[in-house]
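One structure below.
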Amino acid sequence: MAIEIAPRRPGPQVTTHSRDALVATAVTKHFRTDNKTRRAVDDVSLRVGRGEIYGLLGANGSGKSTLIRVFSTLLIPDAGDVRVFDRDVQADELAVKRLINRVSVEASFFKKLSAIENLVYAGRLYGVAPDEAKRKALAILRRLGVDVERVNEPLEKLSRGMQQKVAIARAFLTAPMLLLLDEPTTGLDIRSKREVQTFIRDLRIEHDATIVLTTHDLDEAERLSDRIGILHEGRLVAEGTTDELRARYGAAALEDVFMTATGKRLDEADEPERAK
Amino acid sequence: MISALNGQIGLAYAFVEREIALSKRYWAWEIVWLVYGIVTSLSVAYIGLAAPAISGGQVDEAAVSHFVLYLLVGTIAWRFLGIIFENIGEVIAWERWEGTIEYTFMSPVPRLTHLLGMCGATLVRSVTFSIAILAAVALFVPVDLSKANALSAVVLLAVGALAFIGLGIASASFPLMWTEKGLQMAYIVQAVVLLVSGVYYPVEVLPGWMQLLATISPATYVIRGMRAALMDGADLATLWPEIWPALIVGVLSIPLGLRLFIAVERYAKRTGRLKRSG
């Protein structure tokens, strides 16, 4: 069954001729905390083609979420620029916002409102009428394996996995041309993780969606991504298809590629962040 | 043009609908705030009724009734203005607490539409609360509104609402700039406005420097005008000296507050302060 998602809304027309969905050029971002400056993203340039699933692989603190926030207009970079379907994310912010949506690692809802109330509200913000939003949301939730009998319960009563699926439904409800998935399966059980991964793959096939997916799950990156970029300490240290990366680094597995490119195993690279 | 306007109204309504849904879900807290408002207003009214006993002198019944109404108009008008200031001032802090701030700021809603929607929701709440408090207080304390000029009172409240919307938008930017201390600063501003605006007493009893602050507080004019409208039946022409200063604050503070908010939003995006945890 094809997933029903909202048709594109009338409004400023989007130039869809560009073959690139996302172009980031020399993006740099620092944060200053406790009189120390930390470079979160360091001169990152990347290009994501229309309809592509681009996996950003990196340990905690490697700059993945910062990049996603820059792409989604929530952060202004110190240097560099980002274009989404040929529109500058800063100069043409409102137009870019109409084209994107994001799923973050935290589900981020009004906890006392029900799933359907949250989804209808989210739909309204993107110009989707409430009846249409309800219908589409239920179709997506069914597809994601959510028990739709529970959509009227407050979000806080749903499991983490169900909340994350509602978050995914919220993002798809608005028919984004570029979907930014920031560790969408972190913390999910294996079954929920598989359901979400299958949904992402199917969606790309059925709806020509462009997806940027951040993860620190090697298996997920390999299973879902057409191309993978490896981020390490804010720098994009490797990029290519899984086969290209394996060939370039003479590695049998993506884990070996990561180790050779960053000098660390992915779980080791995560350790300092966990210890904070 | 009309279709674009309708679109923006639809977007703004999303915030009104969300706030009403949240009020239903947090109904127990709404009752708490309502009871708190009624009890506070009643307590103030009983202070007025007890004036002869407290002062130890002879105060005639008409004077007591006048005193009670003086206090009640002040407390209920302040409740109305205070809810507007608080709710709009808490726009950012509330969303940060819920964890939804990034989604709201990522949505394709112009900031003006977002804030106007929140103002609409706030007005629904403040009008509902004020009417409920007035009705509840009237059950316990005799309230003589026989001379009241309702039109003047409504116009004054509308002008006051405009002024406080502007001030609320400006203080909503504090939590964007200072993630933890911002809301505390907004509450301090509100407390100072309460002190200097003659809510429970004429501003003439204040020290000179506080009277200076009173002249720039829109609440001073709104509350003084409300008393004249509800206690003496003053019409709009008579009240003009109270209306125009508050109107000027409203006309200036809304665009200035919005500009400040947008500038601070950019600062927050540069420094990473939009993040839910701050």
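Note that these values count all heavy atoms, side chains included, but never hydrogens, waters or copies made by symmetry. Naming: A, B, ... by sequence-line order, numbering from 1 per chain.
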Test ring-ring contact (aromatic ring centres under 6.0 Å, His included) applied to B:Phe261 - qualifying residues, sequence neighbours left out:
none

Restricting to ring-ring contact (aromatic ring centres under 6.0 Å, His included), what partner residues turn up for B:Trp29, sequence neighbours left out?
B:Trp33

Ranking A:Leu94, A:Val70, A:Asp78, A:Ile100 by heavy-atom pairs under 4.5 Å to chain B gives rank one to A:Leu94

When A:Leu113, A:Thr73, A:Asn118 are compared by non-hydrogen pairs under 4.5 Å with chain B, the top option:
A:Leu113

Please give me the minimum heavy-atom distance between [X] and [Y], naming the atom from each residue.
X: B:Gly99; Y: A:Ser108; value: O-CB, 3.0 Å
X: B:Ala14; Y: A:Leu125; value: CB-CD2, 3.9 Å
X: B:Pro108; Y: A:Arg98; value: CB-CG, 3.5 Å

Ignoring hydrogens and geometry, is there a side-chain-to-backbone donor-acceptor pair from [X] to [Y] under 3.5 Å?
X: A:Lys97; Y: B:Phe105; answer: yes
X: B:Glu98; Y: A:Lys111; answer: yes
X: A:Lys112; Y: B:Tyr26; answer: no

Carboxylate-amine/guanidinium proximity below 4.0 Å for B:Glu102 and A:Arg69:
yes

Any salt bridge linking A:Glu117 with B:Arg18? Criterion: basic side-chain nitrogen under 4.0 Å from a carboxylate oxygen.
no

Evaluation steps, side-chain contact (heavy atoms from CB on, under 4.5 Å), between A:Gln90 and B:Lys269:
CA-CA 11 Å; A:Gln90 285 178 64; B:Lys269 286 181 176 180; over 6 Å; no

Quick one: [atom1] on [X] to [atom2] on [Y], what's the gap to the nearest 0.5 Å?
X: A:Asn101; Y: B:Tyr103; atom1: CG; atom2: OH; value: 7.0 Å
X: A:Phe31; Y: B:Arg270; atom1: CZ; atom2: CZ; value: 13.0 Å
X: B:Thr100; Y: A:Tyr121; atom1: OG1; atom2: OH; value: 6.5 Å

So with a 6.0 Å cut-off around CG of A:Asp131, is the heavy-atom count from everything else above 12?
no

If you draw a 6.0 Å radius around CZ in B:Arg259, do more than 12 non-hydrogen atoms from other residues or ligands fall strictly inside?
no

Between A:Ser114 and B:Arg25, does the side-chain contact (heavy atoms from CB on, under 4.5 Å) criterion hold? Intermediate values first, please.
CA-CA 9 Å; A:Ser114 68; B:Arg25 296 285 179 168; 3.8 Å; yes

Tell me, side chain or backbone of A:Arg170 under 4.5 Å from chain B's heavy atoms, or both, or neither?
side chain

Answer with side chain, backbone, both or neither: which region of A:Thr66 has an atom nearer than 4.5 Å to a non-hydrogen atom of chain B?
neither

Select one option (side chain, backbone, both, neither) describing which atoms of B:Thr271 are under 4.5 Å from chain A's heavy atoms.
backbone

Is the NZ or CZ atom of A:Arg124 both under 6.0 Å from the centre of the six-membered ring of B:Phe15 and within 45° of that ring's axis?
no

